[in-house]
Amino acid sequence: MNTPSEDRAPVTNFIRDIIAHDIKSGKHSHIITRFPPEPNGYLHIGHAKSICLNFGVAQDFNGDCNLRFDDTNPEKEEQEYIDSIREDVAWLGFKWKSNPSASDYFDQLYEYAVSLINKGLAYVDSLSPDEMRAQRGTLTEPGTESPYRNRSIEDNLDFFKRMKAGEFADGEHALRAKIDMASPNINLRDPVIYRIRHATHHSTGDLWCIYPMYDFTHCLSDAIEGITHSLCTLEFEDHRPLYDWFLDQLDTPCHPRQIEFARLQLKYTLTSKRKLNQLVQEGIVDGWDDPRMPTISGMRRRGFTPESIRNFSDIIGVTKKDSMIEMGVLENCLREDLNVRAQRRMAVLNPLKIIIENYPEDQVEYFDGKNHPQYPDFGTRKIPFSRELYIEQEDFMEDAPRKFFRLAPGREVRLRFAYYITCQQVIKNEDGSIRELICSYDPESRGGNTPDGRKVKGTIHWVSAAHAIDAEVRSYDRLFNVVNPARAEDVHDTLNPKSLQIHPNGKLEPEIETSRQPLAYQFERLGYFIADKHSSAEKPVFNRTMSLRDSWAKIEKEQDKN
RNA sequence: UGGGCCGUCGCCAAGCGGUAAGGCACUGGGUUUUGAUCCCAGCAUGCGCAGGUUCGAAUCCUGCCGGCCCAGCCA
């Protein structure tokens, strides 16, 4: 059986074109890429695009991809994030060649900085951060050279050594590249390359109190690892001249090529680690892996498959155009994958009891249910049937319109795999709400067809009351109510108050694993579901990964309008 | 209003001087014991706009218009 994605045309994009060209021209015989997250948060769907690009390209060109932690800011980074990043990349299905950290290169980076000083291309500035900002100029006006810009090489060497030795407080001095304070590209106006931070680093501990900046670290780390193509997002385009400048001035093993592409933007989704962190910290969601979160771990817990995310990354493309992908594309990838892998089961989210008055009180019979309507290989399972059943509340309507193909007083429907039933009587509570339905069944309709060949318009799902597994079922809707939550000042204004709906009285047919993690089910007519990480046989909890496409909902909406 | 980048169907996206792929969405029809799946059909005389070059332009040139990014000792 082919998965849908295997039938698609091969992935192509401008980055793959460049790489193919570099191989054809003989510039490279073996390519190496890298995915370089900062371990300051959990990975999200935006990172997935980059991971799939970097690892995918390496795979397809018989090259390698490194997972490198860009850990040059000890104040924000933690081991917890490192662990989660490794888990997420591996879960997506990728194997890194090596898994270094920028901090592994601190000694070499320090030497490169010394070398820059020796060439007269870097100096220790003693301006305060505020003063430096004031002298940087603006977008339209050039900056002013620092009074410390022309310190002697000896003084610079001495200051830098003392910075490293811990003789100064944070912010007292900084090492700057000596480039051009009048450059129209602000990144080239003598950027800081080392700052003093008396902070404990998650990996190097208190060994260092000076830390290199991103621009200096990244290009050199790439060069040290022999990266051929350094793929990053559009906002680093202005940094490329700086990337190239360091590599041109220093004696490095190679000069990787930086190529920028547009980051993923998904409608109704946030891909800002800072704001996602805020949701976690304020307890608005149940941690980084809350099933509503656009994090890889959240999506995993929700029931997404790695294949669906990889396929999504492939079909959205890679370009330099700012774009906003519709949720429907991701949802389609998920449904497409789950449809061919999920076994079918029956479950009722909002139970309504029905009693089949003409069915023997103590009788139980078992029906064979196909585990997949199209794939016989999936087999069948036994489904118990008895006098008292649960059906979905939404599948009954007292005053039903013509087009409603389900149960209503006097109307006949098919219980999937079982019998035709007709609603005979509605039993109500004192407050007028429906307590239960009295129905009758046609013994002739066993298996779902009658000898007289009469048709019923609807087939509904059901669960035998006496045999049902009680479960909590959680349905999710989008976490954010606005198309682009990133634009909002305050995240709180963007949240969908109904993003989580709990069905405490769910009823599952008995043939369902309640604790096994990565097993996706389709609960027929409801959607795809997976046991939550906290689910157990004692307290089953299921997450709705994704609803089924629902054209009835559309019709219903139309009717409401009329 | 300095610099960098980007504009092809509602949303993505191929196209690389020879006469507009594909996916999602949408619309119509068929199959169906999931109003699911699957299948079939429709969906840009048009490529931000205006000129120009050419036998021929989404592709080349010029000028406009619109959008995104940059003034952290963050990445």
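Chain A is the first sequence line, chain B the second, and so forth, proteins listed ahead of strands; every chain is numbered from 1.
- Taking 4.0 angstrom as the limit, Lys320(A) places none of its side-chain polar atoms (N or O) nearer than this to OP1 or OP2 of rC68(B).
- Taking atom C1' in both rA71(B) and rG56(B), one finds a spacing of 48 Å when rounded to whole Å.
- In this model, the phosphate group of rU34(B) is not approached by any side-chain N or O of Arg406(A) to a distance below 4.0 Å at OP1 or OP2.
- In this structure, Arg274(A) places its CZ atom 16 Å from P of rG72(B), rounding to the nearest Å.
- The separation between Ile179(A) atom CD1 and rG3(B) atom C1' is 15 Å, rounded to whole Å.
- When both distances must be under 3.5 Å, the Watson-Crick or G-U wobble mate of rC49(B) is rG63(B).
- Here Arg487(A) lies in heavy-atom contact (under 4.0 Å) with sugar-phosphate atoms only.
- At a threshold of 4.0 angstrom between heavy atoms, the contacts of His461(A) with the nucleic acid are absent.
- Here Ser551(A) reaches the OP1 or OP2 of rA36(B): one of its side-chain N or O atoms lies under 4.0 Å away.
- A centroid separation of less than 6.0 Å is found between the aromatic rings of Tyr214(A) and His218(A).
- Between Met324(A) atom CE and rA13(B) atom P there is a gap of 13 Å when expressed in whole angstrom units.
- Here the C1' atom of nucleotide rA36(B) and the CD atom of Glu524(A) are 9 Å apart, to the nearest Å.
- rG42(B) and rC24(B) have their P atoms separated by 16 Å, given to the nearest Å.
- No contact: Lys457(A) has no heavy atom under 4.0 Å from any strand.
- The NZ atom of Lys455(A) sits 11 Å away from the C1' atom of rU32(B) (whole-angstrom rounding).
- For the P atoms, the distance linking rG66(B) with rG30(B) amounts to 50 Å, nearest Å.
- Base engagement by Leu127(A) is indicated by at least one non-hydrogen atom pair under 4.0 Å involving a base atom.
- For rG72(B), one of the phosphate oxygens OP1 or OP2 lies less than 4.0 angstrom from a side-chain nitrogen or oxygen of Arg133(A).
- Residue-to-nucleotide proximity on RNA chain B shows that, of Lys76(A) and Phe417(A), the 5′-proximal contact is made by Phe417(A).
- An OP1 or OP2 oxygen of rC12(B) is reached within less than 4.0 angstrom by no side-chain nitrogen or oxygen of Lys321(A).
- The residue Asp125(A) sits apart from the nucleic acid: no heavy atom pair falls under 4.0 Å.
- Among the protein residues, Asp170(A) comes within range of no part of the nucleic acid, since none of its heavy atoms lies under 4.0 Å from any strand.
- Under the 3.5 Å distance criterion, with hydrogens and angles disregarded, no donor-acceptor pair is assigned to the side chains of Glu524(A) and Gln522(A).
- Nucleic acid contact for Ile325(A): sugar-phosphate only, since backbone atoms but no base atoms lie under 4.0 Å from a heavy atom of the residue.
- As judged by a 4.0 angstrom heavy-atom cut-off over every strand, Glu38(A) is placed among residues touching the sugar-phosphate backbone only.
- Along RNA chain B, the nucleotide nearest Asn187(A) and the nucleotide nearest Arg195(A) are compared for position; the residue whose nucleotide lies closer to the 5' end is Asn187(A).
- Using atom C1' as the reference point in both rA58(B) and rA44(B), the two lie 12 Å apart (nearest Å).
- Heavy atoms of Asp322(A) sit under 4.0 angstrom from primed sugar atoms or phosphate atoms, though from no base atom.
- The base of rG10(B) sits with one of its N or O atoms less than 3.5 Å from a complementary donor or acceptor on the side chain of Glu326(A).
- Contact annotation: Thr72(A) side-chain N/O to rA75(B) OP1/OP2 distance is under 4.0 Å.
- Rounded to whole Å, the separation between the C1' atoms of rA21(B) and rA13(B) comes to 9 Å.
- Judged purely by distance below 3.5 Å, without hydrogens or angles, the side chains of Asp452(A) and Thr450(A) pair a donor atom with an acceptor atom.
- Listed pair Arg525(A) / rG35(B) meets the phosphate criterion, a side-chain N or O lying under 4.0 Å from OP1 or OP2.
- Among the heavy atoms of the strands lying under 4.0 Å from Phe404(A) is at least one base atom, whether or not backbone atoms are also near.
- Thr138(A) has no side-chain polar atom (N or O) that falls below the 4.0 Å cut-off from OP1 or OP2 of rA71(B).
- In rG29(B) the O4'-C1'-N dihedral to the base is more than 90° from 0, which defines an anti nucleotide.
- Defined by atom type and a distance below 3.5 Å, a donor-acceptor pair is missing between the side-chain atoms of Glu77(A) and Asn73(A).
- Side-chain atoms of Arg344(A) come within donor-acceptor range of the base of rU34(B), with a qualifying N/O pair under 3.5 Å.
- Between Phe529(A) and the options Tyr521(A), Phe523(A), Phe542(A), a ring-ring contact (aromatic ring centres under 6.0 Å, His included) holds for only Phe523(A).
- The partner of rG2(B), taking Watson-Crick or G-U wobble pairs whose two distances both stay under 3.5 Å, is rC70(B).
- At the heavy-atom level, Gly328(A) lies under 4.0 Å from the strands shown only through sugar-phosphate atoms.
- When the C1' atom is compared between rC16(B) and rC11(B), the two are found 25 Å apart, to the nearest whole Å.
- Taking the ring centre of Phe159(A) as origin, the terminal cationic atom of Arg162(A) falls inside the region bounded by 6.0 Å and 45° from the ring axis.
- Judged by ring centres under 5.5 Å apart and planes tilted less than 30 degrees, Trp552(A) stacks against the six-membered base ring of rG35(B).
- Straight-line distance between the C1' atoms of rC64(B) and rU27(B): roughly 38 Å, to the nearest whole Å.
- Across the protein-nucleic acid pair, Phe529(A) atom CZ and rA36(B) atom P stand 17 Å apart, rounded to whole Å.
- Contact annotation for Lys554(A): backbone-only contact, meaning every heavy-atom pair under 4.0 Å involves sugar-phosphate atoms and none involves a base.
- A donor-acceptor pair shorter than 3.5 Å can be found between the side chains of Glu365(A) and Tyr419(A).
- With a cut-off of 3.5 Å on both Watson-Crick or G-U wobble distances, the partner of rC38(B) is given as rG30(B).
- Taking 4.0 Å as the cut-off between side-chain N and carboxylate O, Lys273(A) and Glu38(A) do not count as a salt-bridged pair.
- Between Arg136(A) and the phosphate of rC70(B), there is no side-chain N or O to OP1/OP2 separation shorter than 4.0 Å.
- Note on Phe236(A): a base of the nucleic acid sits closer than 4.0 angstrom, heavy atoms only.
- Regarding Asp190(A), its CG atom lies at a distance of 21 Å from the P atom of rC70(B), rounded to whole Å.
- Among the atoms of the strands shown, base atoms are found under 4.0 Å from some heavy atom of Arg416(A).
- A distance of about 25 Å separates the P atoms of rC68(B) and rC60(B), rounded to the whole Å.
- Aromatic ring centres of Tyr110(A) and Phe160(A) lie closer together than 6.0 Å.
- Here Lys382(A) does not pair with Glu511(A) in a salt bridge; the nearest charged N to carboxylate O distance is not below 4.0 Å.
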